[in-house]
Number of protein chains: 2
Amino acid sequence: MRNSVILRAMPTRKGPANSADLRSVARSSETLASIFAALGDPTRLKLVAILCAGGAFSIVQLTANTEISRQGVTKHLQVLADAGMVRNVKLGRERLWQLEPKQIEEAKRTLEIIGREWELALGKLKTFAESK
Amino acid sequence: MRNSVILRAMPTRKGPANSADLRSVARSSETLASIFAALGDPTRLKLVAILCAGGAFSIVQLTANTEISRQGVTKHLQVLADAGMVRNVKLGRERLWQLEPKQIEEAKRTLEIIGREWELALGKLKTFAESK
DNA sequence: ATATTAAGCATCCATATGGTTGCATTTCAT
DNA sequence: ATGAAATGCAACCATATGGATGCTTAATAT
């Protein structure tokens with residue numbers, strides 16, 4: 001044996017991982033990545049957390065909870081909107097923002113799938129280490 | 001009543017949402033955001049998916065599954081490593097990469113929390129809409 | 001001993017991102 | 001009618017990001 005380490009190389013394989021669920025995740029990897037990217041900023045994460053309370057908030061209200069300018073918040077909201085995670089309605093002179101339930105549900109489902117796959121991966125790693 | 005729409009403004013409130021779990025998420029928002037950001041790129045998502053199979057792969061092997069250069073892959077792996085999601089071991093002339101079980105487990109747990117919170121938010125939205 | 005293979009290092013490039021500021025526009029309250 | 005409030009629009013700026021390329025170094029195989 002060339003190496004007595006737990007880590008060892010696997011044969012090169014084309015294509016993605018061999019689980020159907022994981023493949024379905026990979027198929028929409030662009031969309032999924034955009035969702036993760038949307039959450040990949042502290043300010044945006046905070047905005048989402050606030051909106052998670054279930055309400056509809058105006059830009060000034062949301063700005064009050066951050067350290068940045070109103071325009072900065074607007075930009076972040078736009079990013080979230082582009083990822084389809086949030087929607088808005090103009091009401092008089094203010095624009096109210098809330099979570100987009102459908103997309104959020106979709107994202108949550110995907111995260112669950114990934115969670116399950118990770119579980120699977122961890123299981124394999126464990127038996128791998130134990131069988132050493 | 002000023003507006004007969006489902007959407008309506010909530011009173012401005014300082015501080016984050018009022019759930020203990022969600023607060024705990026917000027507390028580590030920097031770390032959490034870095035995890036999401038790490039997953040927020042199609043190539044990186046693909047790398048993670050491959051590593052989810054549970055193996056340890058060299059850079060050339062990982063590169064074979066992407067469209068970009070070896071150096072590009074190296075950079076992406078570094079991003080994942082910075083987020084603590086992946087680790088590597090130098091083995092002879094190659095460097096093998098695999099998922100970091102601890103961090104992955106942590107990330108998964110956080111995603112579950114967010115999932116639960118979203119559920120909660122959706123519930124509120126529903127009763128909100130129905131009570132109209 | 002030497003060619004080959006795997007990876008590292010440094011540089012460069014274009015574009016995206018996160019943020020600001022200043023000014024215009026729309027709506028509301030008095 | 002007019003001033004204040006909430007946004008919108010556009011430009012600007014610094015830095016981060018995703019990517020390539022060229023050359024060097026370290027291990028391996030023959």
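Just so we're on the same page: letters track the sequence lines, and every chain starts at 1.
In this structure, B:Glu94 contributes its side chain and B:Leu91 its backbone to no donor-acceptor pair below 3.5 Å. Between the side chain of A:Lys46 and the main chain of A:Thr66, no donor-acceptor pair closer than 3.5 Å is present. In terms of modelled atom types and a separation under 3.5 Å, the side chain of B:Arg44 and the main chain of B:Leu39 share no donor-acceptor contact.
Counting only heavy atoms from C-beta on, A:Glu94 has its side chain closest to D:dT7 among D:dG18, D:dT7, C:dA7.
Taking atom CZ of residue B:Phe57 and atom P of nucleotide C:dA6, one finds them 16 Å apart after rounding to whole Å. Put simply, CG on A:Leu91 is 8 Å from P on C:dC28, counting in whole angstrom units. Protein atom CG of B:Leu39 is 12 Å distant from nucleotide atom P of D:dG18, rounded to whole Å. Separating the CG atom of B:Leu45 from the P atom of D:dG18 is a distance of 13 Å, rounded to the nearest angstrom. Atom-to-atom, CG of A:Leu47 to P of C:dG19 comes out at 10 Å; the value is rounded to the nearest Å. To the nearest angstrom, P of D:dC9 lies 10 Å from CD of A:Gln78. Look at CD1 on B:Ile68: it is 12 Å from P on D:dT21, rounded to the nearest Å. One can place CG of A:Asp41 at 11 Å from P of D:dT17, the figure rounded to the nearest angstrom.
If you check every strand for non-hydrogen atoms under 4.0 Å, B:Gly92 touches sugar and phosphate atoms only. Using a 4.0 Å heavy-atom criterion, one finds that A:Lys90 contacts no nucleic acid atom at all.
Between A:Arg95 and A:Lys90 the shortest side-chain heavy-atom distance falls below 4.5 Å.
Residue-to-nucleotide proximity on DNA chain C shows that, of A:His76 and B:Ile59, the 5′-proximal contact is made by B:Ile59. Residue order along DNA chain C, read from the 5' end via each residue's closest nucleotide, puts B:Thr74 first among B:Thr74 and A:Ala37. Heavy-atom distances to DNA chain D give each of B:Arg70 and B:Val79 a nearest nucleotide, and the one nearer the 5′ end belongs to B:Val79.
One cannot find a donor-acceptor pair under 3.5 Å joining the base of D:dG18 and the side-chain atoms of B:Arg44. With hydrogens and angles ignored, no donor-acceptor pair under 3.5 angstrom links the side chain of B:Gln71 to the base of D:dG19. You won't find any donor-acceptor pair under 3.5 Å spanning the side chain of B:Arg95 and the base of C:dA6, going by distance alone. In the interface, the side chain of B:Arg93 is not paired with the base of C:dG8 through any donor and acceptor atom under 3.5 Å apart.
An OP1 or OP2 oxygen of D:dA20 is reached within less than 4.0 angstrom by a side-chain nitrogen or oxygen of B:Ser69. Residue B:Thr43 places no side-chain N or O under 4.0 Å from the OP1 or OP2 atom of D:dG18.
Just one residue in the list A:Leu47, A:Leu51, A:Leu80 forms a side chain to side chain contact (heavy atoms under 4.5 Å, CB included) with A:Leu99, and that residue is A:Leu51.
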